[in-house]
2 protein chains.
Amino acid sequence: MEANNYIPRLPAQVDCSIDPAINVLSGKWSFLVIRELYRGTKRFGELQRNIDDVSARALSGALKHLEKNGILERQVFPTVPATVEYTLTPKGQDLYQITKMMKVWAAKWT
Amino acid sequence: MEANNYIPRLPAQVDCSIDPAINVLSGKWSFLVIRELYRGTKRFGELQRNIDDVSARALSGALKHLEKNGILERQVFPTVPATVEYTLTPKGQDLYQITKMMKVWAAKWT
DNA sequence: CTGTATCCACGACGATACTG
DNA sequence: CAGTATCGTCGTGGATACAG
């Protein structure tokens, strides 16, 4: 079982750190997961089908990372086979607003 | 300080991509460089002294990356020894505003 | 269905030495 | 002063196989 541990990407900078936001958004799939969940609660399989070309391993890692950072919540239902639902937290919904600004920025300066 | 900082590119996603912003901000030193330059034009040596623990190699790489993405401009003066100045573009200044929002977001959800 | 285990490739970055 | 060259480290994520 391996340590899917978060390694801080930015150096420690106390007064003006944007590390939490960058950290959460920097994964290859994080943003796409957030965007999917912004549309509503989804299951693992739904996410994998909706996000093009993501492997189970990568999706699992992204979900763990986002959960650990309070961006989404994971709910397990003891059915057979297992059912798991993922839902954006308010914190995650707020973060999505920031990604919208990035999109606007990118479009403005194309 | 931390060892590694591999930053993956986001997958191609045409309609709502935030890739340009994430790509530019994801480097270990990018944000710190942008923050320094937001305060005003600076030379290479100034940047290196002001940014804690950054190596010439890493700083050089970050500057190249940011220049390539239109975040800053590089001006060489044919003095001896060489003088080089880096200045944030309007695009870069705009981007800095987004990082401020990330800071607010991070503080809000602490 | 929802993951984990293993192996491998890739690329950012540190350390050090060196250049015009 | 402002970088580059080279070597090494190590976190990500893809591929595939397997598990609860």
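What you see is a predicted model, and the numbers here were worked out from it, not measured in a lab.
In this entry the distance linking CZ of R9(B) with C1' of dG14(D) reads 18 Å, nearest Å. Following rounding to the nearest Å, E46(A) (CD) and dG3(C) (C1') show an atom-to-atom distance of 16 Å. Spacing between atom CD1 of I7(B) and atom P of dG11(D) amounts to 13 Å, rounded to whole angstrom units. Rounded to whole Å, the distance from CG on L59(B) to P on dA2(D) is 10 Å. Summarising the geometry, the separation between CZ on F44(A) and P on dT4(C) is reported as 8 Å, rounded to the nearest angstrom. As a whole-Å value, the separation of I22(A) CD1 from dA12(C) C1' is 16 Å. As rounded to whole Å, 11 Å separates atom P of dT2(C) from atom CZ of F77(A). Between the CZ atom of R43(B) and the P atom of dG3(D) there is a distance of 10 Å, given to the nearest Å.
Closest approach to the W29(A) side chain among dT2(C), dG14(D), dG11(C) is made by dG14(D) (side chain taken as heavy atoms from C-beta onward). Among the nucleotides dG14(C), dT2(C), dG13(D), the one closest to the side chain of A58(B) is dG14(C).
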So which protein nitrogen or oxygen atoms get under 3.5 Å of nucleotides 15-20 of chain C's nitrogens or oxygens?
residue, atom, partner, partner atom, Å
dA15(C), N6, R57(B), NE, 3.2

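Of all heavy-atom pairs between A58(A) and W29(A), the closest is CB-NE1, 3.5 Å. Taking every heavy atom of both residues into account, T79(A) and P81(A) meet most closely at OG1-O, 2.8 Å.
Using a 4.0 Å cut-off, no side-chain N or O of S60(A) falls inside it from OP1 or OP2 of dT2(C). Checking the phosphate oxygens (OP1, OP2) of dC1(D), no side-chain nitrogen or oxygen of T79(B) falls inside 4.0 Å.
For residues 70-90 of chain B, there are no salt bridge (charged side-chain N to carboxylate O under 4.0 Å, His left out) pairs, not counting sequence neighbours. For the ring pair (Phe, Tyr, Trp, His ring centres under 6.0 Å) condition, the pairs that include at least one residue of residues 36-64 of chain B, sequence neighbours left out, are Y38(B)-Y96(B).
Listed by chain and number, the residues in a salt bridge (Lys or Arg N to Asp or Glu O under 4.0 Å) with K42(B) are E36(B) (sequence neighbours excluded). Listed by chain and number, the residues in a salt bridge (Lys or Arg N to Asp or Glu O under 4.0 Å) with K68(B) amount to none (sequence neighbours excluded).
Counting heavy atoms from C-beta on, the side chains of T99(A) and I34(A) never come closer than 4.5 Å. The shortest side-chain heavy-atom distance between L32(A) and V54(A) does not fall under the 4.5 Å cut-off. Side-chain contact check for P20(B) versus N69(B): every heavy-atom pair is 4.5 Å or farther apart.
Proximity of residues 61-75 of chain B to DNA chain C (heavy atom under 4.0 angstrom from any strand atom) is not detected for any residue.
Y86(A) comes within 4.0 angstrom of the backbone, heavy atoms only, and of no base.
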